[in-house]
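First the structure, in the form of structure tokens, and then the observations on it.
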Amino acid sequence: MVNDTSFAPWDDPQERPLIRFQNVTKRFGDFVAIDDLTLDIYQREFFALLGPSGCGKTTMMRMLAGFEEPTDGMIELAGEDIAHVPPNKRAVNMMFQSYALFPHLSVWDNVAFGLRRESRDKDAIAERVEQMLKLTRLEKFAGRKPHQISGGQRQRVALARSLAKAPKLLLLDEPLGALDAKLRQATQFELMDIQEKTGTTFVIVTHDQEEAMTVASRVAVMDEGRVMQVATPEQIYEAPNSTYVADFIGDVNLIEGRAKPNGGGAYHINWAEGQAPFEAKSDMVLSEGQRCHLALRPEKVGIQPNKPEEVNAVQGKVLDIAYLGNLSTYHVELSTGQVIKAQTANTNRLSRRDFMWDDPVWVSWSASAGVLLSQ
Amino acid sequence: MGQLERKRGGAPVAMRRLTLITVPYLWLLALFLIPFAIVFKISLSDIALAIPPYTPTMEDGLWALLSQLDFENFVFLTEDDLYWKAYLSSLQIALISTVLTLLVGYPMAYAMARAPEEWRPTLMMLVILPFWTSFLIRVYAWVGILSSEGFLNQFLLWLGIVDTPLKILNTNTAVYVGIVYTYLPFMILPIYAALDRLDGSLIEAAEDLGCSRLEAFWLVTIPLSKNGIIAGCFLVFIPALGEFVIPSLLGGSGTLMIGKVLFEEFFANRDWPVASAVAVILLLILIVPIVLFQRNEQRQAKAEK
């Protein structure tokens with residue numbers, strides 16, 4: 001879905017969203033968990049709600065599932081207001097963080113549980129269960145109890161169970177949280193694969209930005225009950241709309257300064273007294289002297305022993321080196337005391353590293369490498 | 001792990017283990033098996049006007065003692081229909097009161113498990129609190145409540161619901177009330193333990209998959225508290241079967257329970273051999289539910305592993 005460049009229903013004004021949050025507010029006593037939130041999610045989307053714990057993402061998911069009712073506002077599913085419909089009466093299923101598999105039932109019976117509630121046709125149920133077990137490659141474990149299978153298999157049982165009723169919307173609450181790193185990655189691709197095969201709309205809640213970026217067609221970054229930005233992973237990463245989003249997604253250098261328009265979307269950023277201003281390009285209109293941040297991804301910052309030919313270049317010395325195996329991040333301290341992170345791929349063996357601690361170096365980047373942020 | 005230890009530690013570890021296991025077995029031997037052997041021996045003896053009130057005794061010498069033992073008393077139990085009627089009636093009363101205790105105890109345990117976290121220790125305390133007063137006094141208190149002039153009847157008369165006092169005391173109803181009241185904590189605690197462990201997201205998952213609240217309760221909560229229910233039922237049924245104090249204080253002349261029969265054989269008739277035979281049979285009857293209970297506990301322990 002992510003690779004499919006033509007899939008962008010959110011850009012199509014004709015398209016009707018599957019889910020519509022309209023001015024939804026949720027209060028628990030005095031605490032405002034969701035603050036006047038409006039959001040559209042389209043059919044066949046793999047939508048990620050991303051944010052730190054306590055940002056309201058879980059509350060949003062629980063409102064979609066029907067476990068919480070909004071204090072104010074409307075939640076529409078396929079044009080119907082479902083804000084006050086109980087969980088057992090809506091075409092939404094949820095995959096729980098703890099998986100919530102019924103320990104007294106076999107894998108087969110767990111998957112069949114939802115089907116049995118709506119149909120008495122044994123053959124149809126059996127057929128659907130077999131289909132789900134095949135989709136999640138669990139045929140061999142059908143007769144086992146949840147405590148007799150591994151964590152990864154339990155995760156797949158939970159997925160099969162929540163997909164069995166062919167919901168219009170599947171909610172996934174931190175679905176991969178309990179898996180180790182290797183299995184997580186494999187499972188992320190499996191999830192995307194299954195989402196594509198079934199064509200179900202997925203809404204995933206996660207605090208892991210890498211996971212959100214990998215699986216989602218669009219990501220909503222949340223903070224304190226508000227959506228900060230909704231966009232594709234590429235846009236969120238390359239064009240964050242605020243320092244919060246830029247800082248939350250990936251690693252970033254934030255340089256504060258004052259803008260000086262140069263015409264044609266070019267700006268000079270005065271970032272420190274007595275230092276040459278940085279050059280930056282932006283579609284945003286900033287006034288003379290307006291406070292702003294230049295957000296620079298470390299991998300877009302070069303590091304050289306000699307002064308390069310780039311428009312933005314500053315000298316400093318290597319303060320720290322974070323070796324990540326495939327990459328190294330250099331923390332370079334400038335003469336102003338600011339630290340800029342520059343990342344390079346480790347194409348050479350470690351013994352032939354170019355820079356060591358305290359080496360004098362130049363960091364540089366192009367005028368279009370950074371993003372100007374006014375908030 | 002165990003094998004490694006044995007290799008490294010050799011004999012001392014095995015010795016220590018043996019000692020550790022021996023202690024509870026010695027306990028059982030001294031406090032259960034030996035008394036049982038004595039009771040069993042008396043049940044095979046004959047009644048005598050002597051102290052102790054049976055023959056033969058050890059004074060007759062071992063060989064004479066063994067040769068005089070017979071199953072006469074057990075045969076006697078089958079001849080007089082008082083005994084098997086008392087056993088049956090005890091079974092019936094124990095069964096009915098177990099079911100009643102479950103019906104009263106389950107909702108209480110459920111409410112406790114659902115109560116806010118900070119309330120639970122207090123509620124638990126309230127369940128256990130009655131144990132702080134003597135059991136006998138608490139049962140006597142029920143005489144004061146249930147008698148014709150008791151609080152309950154006075155209250156009902158005052159409300160105008162009845163115009164003549166209800167006869168509750170000295171009937172089987174009073175026995176049921178007494179047993180349910182006395183054994184309620186034994187029912188509540190294991191069920192509460194099971195419900196407390198129950199993951200709330202399982203109920204949400206059931207609702208999410210299309211269950212109403214009631215269906216979720218029936219399909220998830222009940223099966224997952226099954227072990228607590230079974231444990232609670234046995235903990236009530238086993239002592240209720242041989243109960244003596246409650247039927248003799250609250251029950252009437254029509255209340256036939258084996259505990260009462262046992263008491264009368266021992267202290268009214270002073271027929272120790274027959275009383276012992278009654279006790280041995282009661283024990284044999286109880287072994288069945290006790291073994292079942294043990295198996296349930298073991299299965300649960302295995303499932304939790």
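Every chain is numbered from 1, with letters handed out A, B, ... down the list of sequences.
Open room surrounds CG on B:L214; 12 or fewer heavy atoms of other groups in view lie less than 6.0 Å from it. Within 6.0 Å of the CZ atom in B:F131, the count of heavy atoms belonging to other residues, nucleotides or ligands exceeds 12.
Considering all non-hydrogen atoms of both residues, A:F102 and B:L202 come closest at CE2-O, 3.3 Å.
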Dump the table of donor-acceptor contacts under 3.5 Å between chain B and chain A, or return none if there are none.
residue : atom : partner : partner atom : Å
B:S201  : OG   : A:S98   : OG           : 3.2
B:E204  : OE1  : A:R62   : NH1          : 3.0
B:E204  : OE2  : A:R62   : NH1          : 3.3
B:E204  : OE2  : A:R62   : NH2          : 2.6
B:E207  : O    : A:N88   : N            : 3.4
B:D208  : O    : A:N93   : ND2          : 2.9
B:D208  : OD2  : A:N93   : ND2          : 3.3
B:D208  : OD2  : A:M94   : N            : 2.7
B:L209  : O    : A:K165  : NZ           : 2.9
B:C211  : O    : A:N88   : ND2          : 3.2
B:L219  : O    : A:H104  : NE2          : 3.1

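For a residue to count as touching a neighbouring chain, one of its non-hydrogen atoms must lie under 4.5 Å from one of that chain's; by this rule B:I203 does not touch chain A. Using a 4.5 Å cut-off between heavy atoms, B:A206 contacts chain A through both its backbone and its side chain. No part of A:L115 comes within reach of chain B, as not one of its non-hydrogen atoms sits under 4.5 angstrom from that chain.
The interface of residues 104-125 of chain B with chain A, defined by heavy-atom distances below 4.5 Å, is empty.
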